[in-house]
Asker: 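Would you mind keeping the following structure in view while I ask a few things?
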Amino acid sequence: LPLTRALEILGRQTQNKKFKKILDSLAQNIKKGNSLSESMKKYPGTFSSLFIAMVKVGEESGKLSQSLDLIGEQLGRDYTLRKKIKGAMIYPMIIIAAMIVIGILMLIYVVPTLVSTFKGLGVELPLSTRIIIGISNFLVYNKLLTAGVSVAIILSLGWLPKTARAKKLIDIAVLHLPIFSPLVKKINSARTSRTLASLVSSGVNVLEALSITEDVLQNHRYKEVLRQAKGDIQKGRPISESFKKSNIYPVLLGEMIAVGEETGRLSDMLMRL
């Protein structure tokens with residue numbers, strides 16, 4: 001089918017009104033002589049830089065359908081990964097939330113009933129017990145202030161990650177947290193490997209592939225490694241060198257990339273990773 005007709009069919013099929021308008025706009029732009037990738041650039045919130053780059057390569061090589069197949073697989077795998085992460089995090093988050101709620105309720109209702117018992121003992125209480133009693137008294141006698149502080153903390157947790165400085169601190173912190181660190185490292189390694197594999201196999205040059213992958217990743221530490229890799233390539237060094245020097249990517253990733261470079265099967269090795 002011609003591209004415009006394919007987009008019109010997709011537009012009639014979709015239930016999302018906003019996306020329907022975007023698809024109709026793409027079809028109209030192509031009828032005016034624009035390419036699909038150029039038309040997609042007008043909607044960066046819908047089509048990522050990875051999506052647009054792979055479509056552009058497909059158009060230039062005459063293999064648009066193959067490029068779109070790869071994009072479909074990439075998006076499918078990314079969706080599955082996010083779903084697995086969310087599923088894995090639901091249980092511990094519920095447990096943590098329950099612990100916090102139970103802790104607060106105990107401090108407000110249980111600890112005050114024990115204070116009179118402690119006083120009757122007539123002995124000096126340990127520091128930890130005195131701290132708990134102090135927190136309990138503060139919560140009991142300053143309920144409005146506690147509620148206000150709690151709301152402020154929740155709002156700040158939503159706002160702080162949007163600031164550049166706070167985001168960098170959070171990026172560093174999550175790489176050192178006992179439970180989250182291995183998960184964050186595996187997620188970023190998987191995204192790096194899969195995105196690079198899709199781009200390189202589509203024919204995107206390595207420098208551009210690294211730039212697009214840098215946009216896909218969220219953690220600034222991983223972005224720095226990819227920037228370093230671009231600098232190494234421009235100096236004539238292998239791409240694997242930066243990954244081998246990094247302490248946030250697994251050792252296997254750097255070694256497998258090196259094997260891929262030596263054998264001319266870089267995209268295969270990245271996809272295997």
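Position 1 is the first residue of the sequence, and the numbers go up from there.
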Asker: Taking the side chain as everything from C-beta on, heavy atoms only, tell me whether N219 gets closer than 4.5 Å to V174.
Answerer: yes
Asker: If you group Ile, Leu, Val, Met, Phe, Trp and Tyr by side-chain heavy-atom gaps below 4.5 Å, do L217 and L199 land in one group?
Answerer: no
Asker: Between Y249 and T192, do the side chains contain an N or O donor and an N or O acceptor separated by less than 3.5 Å?
Answerer: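 Yes, a side-chain donor-acceptor pair sits under 3.5 Å.
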Asker: Can you spot which of I133, I135, L139 makes a side chain to side chain contact (heavy atoms under 4.5 Å, CB included) with N137?
Answerer: I133
Asker: With heavy-atom distances below 4.5 Å as the criterion, would you say the side chains of L175 and Y222 are in contact?
Answerer: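 Answer yes - side chains close enough.
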Asker: Please lay out, stage by stage, how D268 and R272 fare under the test salt bridge (charged side-chain N to carboxylate O under 4.0 Å, His left out).
Answerer: CA-CA 6 Å; D268 292 340; R272 189 182 290 266; over 6 Å; no
Asker: Check K244 with E241, please: is the shortest side-chain N to carboxylate O separation under 4.0 Å?
Answerer: no
Asker: Taking C-beta and beyond as the side chain, do Q74 and M54 meet within less than 4.5 Å on heavy atoms?
Answerer: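 When only atoms from C-beta onward are counted, M54 and Q74 do not touch, as no gap falls below 4.5 Å.
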Asker: Can you name the closest pair of heavy atoms from S189 and P250 and give their distance?
Answerer: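 Closest approach of S189 to P250: OG-CD, 3.1 Å.
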Asker: Can we say K56 and E208 salt-bridge, meaning some charged N sits less than 4.0 Å from an Asp/Glu carboxylate O?
Answerer: no
Asker: Within a strict 4.5 Å, meaning less than it, do heavy atoms of the L75 and F51 side chains meet?
Answerer: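 The answer is yes, as the side chains (C-beta and beyond) meet within the 4.5 Å cut-off.
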Asker: Taking atom CG of L107 and atom OG1 of T146, what is their separation to the nearest 0.5 Å?
Answerer: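 Nearest 0.5 Å value for the CG-OG1 distance: 10.5 Å.
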Asker: Counting only heavy atoms not in F180, do more than 12 sit closer than 6.0 Å to its CZ atom?
Answerer: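 Check fails, neighbour count at 12 or below.
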Asker: For V200 versus A209, what's the shortest heavy-atom pair and its separation?
Answerer: CG2-CB, 4.4 Å
Asker: Is D24 salt-bridged to K20, cutoff N-O under 4.0 Å?
Answerer: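 The answer is yes: the pair qualifies as a salt bridge.
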Asker: Rounded to the nearest 0.5 Å, how far apart are CG of L50 and CD1 of I71?
Answerer: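 The CD1 atom of I71 is 7.0 Å from CG of L50, to the nearest 0.5 Å.
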Asker: Does any part of the side chain of S39, heavy atoms only, come nearer than 4.5 Å to the side chain of S25, both counted from C-beta?
Answerer: no
